[in-house]
Number of protein chains: 2
Amino acid sequence: MLTVPFGGAPIFTRSRALRPTGKVLPEHARSHNRSLVLQTLYTSGAQSRADLSRGTGLTRVTVSDLVAGLIAEGLVVELGQREHPRPGKPATLIDVDRAAFQIIGIDLSDHERFHGAVIDLHGAIVSRAELALGAATGEAALALVSDLVRRLIASTTTPLLGVGVGSPGVVDPHGVVTSAPNLGWSDVALQARLAEEFSLPVHVGNDANVAVLAEHGVTRHDDLLLVKIGHGVGAGLIVGGRPVIGGGFAAGEIGHVVVGTDGGPRCACGKHGCLEAWLAVPRLTAQLDAIGDDHRDAGSAREDILREAGRRLGIVLAPVVAALNLSEVVLSGPAELLEGALHGATVDTLRARTMAAHGRDLTLRMTEQAEDVVLRGAAVMVLSGELGVS
Amino acid sequence: MLTVPFGGAPIFTRSRALRPTGKVLPEHARSHNRSLVLQTLYTSGAQSRADLSRGTGLTRVTVSDLVAGLIAEGLVVELGQREHPRPGKPATLIDVDRAAFQIIGIDLSDHERFHGAVIDLHGAIVSRAELALGAATGEAALALVSDLVRRLIASTTTPLLGVGVGSPGVVDPHGVVTSAPNLGWSDVALQARLAEEFSLPVHVGNDANVAVLAEHGVTRHDDLLLVKIGHGVGAGLIVGGRPVIGGGFAAGEIGHVVVGTDGGPRCACGKHGCLEAWLAVPRLTAQLDAIGDDHRDAGSAREDILREAGRRLGIVLAPVVAALNLSEVVLSGPAELLEGALHGATVDTLRARTMAAHGRDLTLRMTEQAEDVVLRGAAVMVLSGELGVS
DNA sequence: CACGTTTGTTAGTAAAGCTTACGAACAAAC
DNA sequence: GTTTGTTCGTAAGCTTTACTAACAAACGTG
């Protein structure tokens, strides 16, 4: 804490409301505006420089100048004149050169195999690759990641914008995997090592945090939560349009929060009634398998299990949804488990346990990107990091 | 949704990772740097222009230029030469003119009376005023606010930087009180009406959201939650250093989240086991009064009640703390109720219901500003809004 | 007392976006 | 076929901003 000259009186101790955020130079402003133009072009599609000027608020002159730079860099191309001309000089359409770059997305969240894909700037998946994890951990697992990236690089047909990785565990803002028990990683500088090895821009994030970026792209909401249900249970959060990482970089780690006040199954962590103990895929399938198909109420028994799981999820989410006034929650995981009874029970529970007025505004839906949420999110992370406003 | 030229392939639909945030002009950069200088001066105290240059990274020339402007506006003053001179030309100390401006803070959260204060730039409370609310609602309550502001203005001894108001209910970013049932307000343009009436800058926010600003000033954490326990229960959140308002401007409204899975007292809202039904001050005092002092186990019975309340609070906070990876939670309300058993039970419950590793990093403490959190937070809001980076 | 150091200012430069002005190319109206 | 009005993209010049370079003033130190 810093001293204050005229001591004595109570003070606003180092008020963070006034929070130094670093100086801003003209070049920063320039790069911001450059990104603004690129973003507008990327999201709104091909258009003229004059359209961009109207869209961004910058003058036609400035837009022309910025666009010239982008064309020189090969990020933007002229597409020729607009098809259905209006009065006046015909517009020259320009667009992000979506065929010029590709992105590699890597998903390390699956327990059995690493997934990867080459994705183009449309978001289309150009090629895929997978590597079985086997029992590999530590350096061996790291080598598998390198291998996967190398294979994918071999299948690219254009220059690469960068590599994005969604990893389980806690990932710090520099792409160091602080801790990922399943992979036997602690303090692995994944970003630095891949960047070094492949001489490419690399971005690394937690799998759920990365996944929510992909969902953010397809929704109008700027506050959303994605719950990723697999071998474990994790969440990714966007609040006010910004990803939340957390002070200890462990935001979204809700798997070991205890649900309810009536006990529950014992969890691997030692506690009873953790969310993960209720909801993790192995746990659910084990319960469902135990029922079998033989006896006559099998169907309704299965539904009871899924409904109870959904209720438990709703119980944990209710305080978060209320505290953040979330407008959308997305579920990611095996559709055959999550859709239907589980989803329904979660919605009902959320409604019943939060203020009615706010509950009405809440959407709970399945991910729109199925198995590829993390892959796509990783690509969005690269897109944002390499082309976006910082 | 906007069309994408080369249809067919799946796309990153209007990716928000690339999110237009508006153009940046040179003057915006200038005002950012101006605020940066002011912030550094405010938080670090009196220093020379050269010190500021080193502190901000701007050149001495630029700092001198910015400071000249601030002096011309009367925000900054020269204090003469530094006392213990080092080699070289003696430095001229400058500082924010903390005696030149005062701020009015208003707290409308109390059920019985509106509180207000004149606060100087040290954060010292210069004078106070209160008005009993009686049964006033709607326009009558609004008139009381005006009255309170008028009285406080009369007691100022310097020009005013502005007026900050912490109001119960839902407050939108333009200072419109969307809904405040206790005051009979809905869609009351409080900010606009006060600004019009007094020709001063006015900032209005939800009471708990405002209170957390005050606590943010006295902590090193950039992720914190303040729980305000009074007639109702509400929360204010700061995530990643930024206040969270919520998509529907109702962030922090956790009073009517249902706690646990074992029922609970009936709440005014109709549900059973809402946080407010467990924890609101009237509820707690009623329970404590029911015990009386006569029978011999009175002390331990009181403690049981408070411990149970604390446990309920912990149950609701656990998912929020885990999801946001919060490092600090602050309690605000009657110290005689919250300190001790209740506080202890909340901590224990939070530890027991979240991951041990993360629980260790968590601090749970009482507010350091006692009754004045909202008043001071309102002042911080003005400080930030009028002098800070936007 | 000469010397080095530090402060704050002056002078000039580079970058960025603005306004103003203009030629080119077209549609619509006559 | 000509005129008119509109739109596009570019060129020139201006203003703002922060930078570098240089310097005078004022102070300790050897």
Side-chain angles (χ1 to χ4, degrees), chain A residues 20-38 40-41 46-73 76-95 389-390, chain B residues 20-38 40-41 46-72 76-95 389:
Chain A
T21 40
K23 64 175 172 177
V24 172
L25 301 183
E27 64 208 78
H28 299 142
R30 175 75 163 185
S31 101
H32 178 102
N33 288 335
R34 193 194 90 116
S35 288
L36 179 61
V37 166
L38 205 48
T40 310
L41 213 45
Q47 56 196 295
S48 71
R49 292 169 173 84
D51 292 332
L52 273 175
S53 163
R54 284 183 289 263
T56 59
L58 295 161
T59 61
R60 291 202 303 271
V61 180
T62 303
V63 168
S64 282
D65 194 33
L66 289 167
V67 165
L70 292 170
I71 289 178
E73 292 175 60
V76 165
V77 281
E78 294 199 339
L79 302 177
Q81 294 193 350
R82 174 172 277 144
E83 299 237 331
H84 302 294
R86 296 169 287 187
K89 175 178 172 179
T92 311
L93 291 181
I94 54 177
D95 194 7
V389 172
S390 54
Chain B
T21 40
K23 64 174 173 179
V24 171
L25 300 183
E27 65 205 80
H28 298 141
R30 174 75 163 184
S31 102
H32 177 102
N33 288 335
R34 193 193 90 116
S35 288
L36 179 61
V37 166
L38 205 48
T40 310
L41 213 45
Q47 57 197 294
S48 71
R49 293 168 173 85
D51 292 332
L52 273 175
S53 162
R54 284 182 289 263
T56 58
L58 295 162
T59 60
R60 289 201 306 270
V61 181
T62 304
V63 168
S64 283
D65 194 32
L66 289 167
V67 166
L70 292 169
I71 290 178
V76 165
V77 282
E78 294 198 338
L79 301 177
Q81 295 194 347
R82 174 172 277 145
E83 298 239 330
H84 302 294
R86 295 168 287 185
K89 174 177 171 179
T92 312
L93 291 179
I94 55 176
D95 194 8
V389 172

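What you see is a predicted model, and the numbers here were worked out from it, not measured in a lab. Every chain is numbered from 1 and lettered A, B, ... according to where its sequence line falls, protein lines coming before strand lines.
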For a quick check under 3.5 Å, do Thr62(B) and Asp65(B) share a side-chain donor-acceptor pair by atom type?
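Their side chains do not contain a donor-acceptor pair, so the 3.5 Å distance test is not met.
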
Is the shortest side-chain N/O distance from [X] to OP1 or OP2 of [N] below 4.0 Å?
X	N	value
Lys23(A)	dC19(D)	yes
Arg49(B)	dT7(C)	no
Thr62(A)	dC18(C)	yes
Ser48(B)	dG8(C)	yes
Asn33(B)	dA18(D)	yes

Which of the following nucleotides, dA16(C), dA11(C), dT7(C), is nearest to the side chain of Val61(B)?
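From the listed options, dA11(C) comes nearest.
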
Of all the choices, dG9(D), dT19(C), dC26(C), which nucleotide is nearest to the side chain of Gln81(A) once you look at every atom?
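Minimum distance to the Gln81(A) side chain belongs to dC26(C).
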
With sequence neighbours excluded, residues passing side-chain contact (heavy atoms from CB on, under 4.5 Å) with Ser53(B)
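Only Arg60(B), Val63(B) meet the side-chain contact (heavy atoms from CB on, under 4.5 Å) criterion with Ser53(B).
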
Rounded (10°) bend between the five-pair end axes of the helix from dC1(C)-dG30(D) to dC30(C)-dG1(D)
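What I find for the helix from dC1(C)-dG30(D) to dC30(C)-dG1(D) is an axis angle of 10°.
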
Counting any heavy atom closer than 4.0 Å, what does Val63(B) reach on the DNA or RNA strands: base, sugar-phosphate only, or nothing?
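Here Val63(B) touches no strand at all.
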
Starting from the 5' end of DNA chain D, give me the residue, Ala91(A) or Val24(A), whose nearest nucleotide shows up first.
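Its nearest nucleotide lies further toward 5', so the answer is Ala91(A).
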
By a strict heavy-atom criterion of less than 4.0 Å, which residues belonging to residues 51-60 of chain A are in contact with DNA chain D?
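Of all residues in residues 51-60 of chain A, the ones placing a heavy atom under 4.0 Å from DNA chain D are Arg54(A), Arg60(A).
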
Given side chains that start at C-beta, do those of Leu58(A) and Leu66(A) come closer than 4.5 Å, heavy atoms only?
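Side-chain contact under 4.5 Å: yes.
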
Between Arg34(B) and Glu27(B), does at least one N-O distance fall below 4.0 Å, as a salt bridge requires?
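No salt bridge links Arg34(B) with Glu27(B).
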
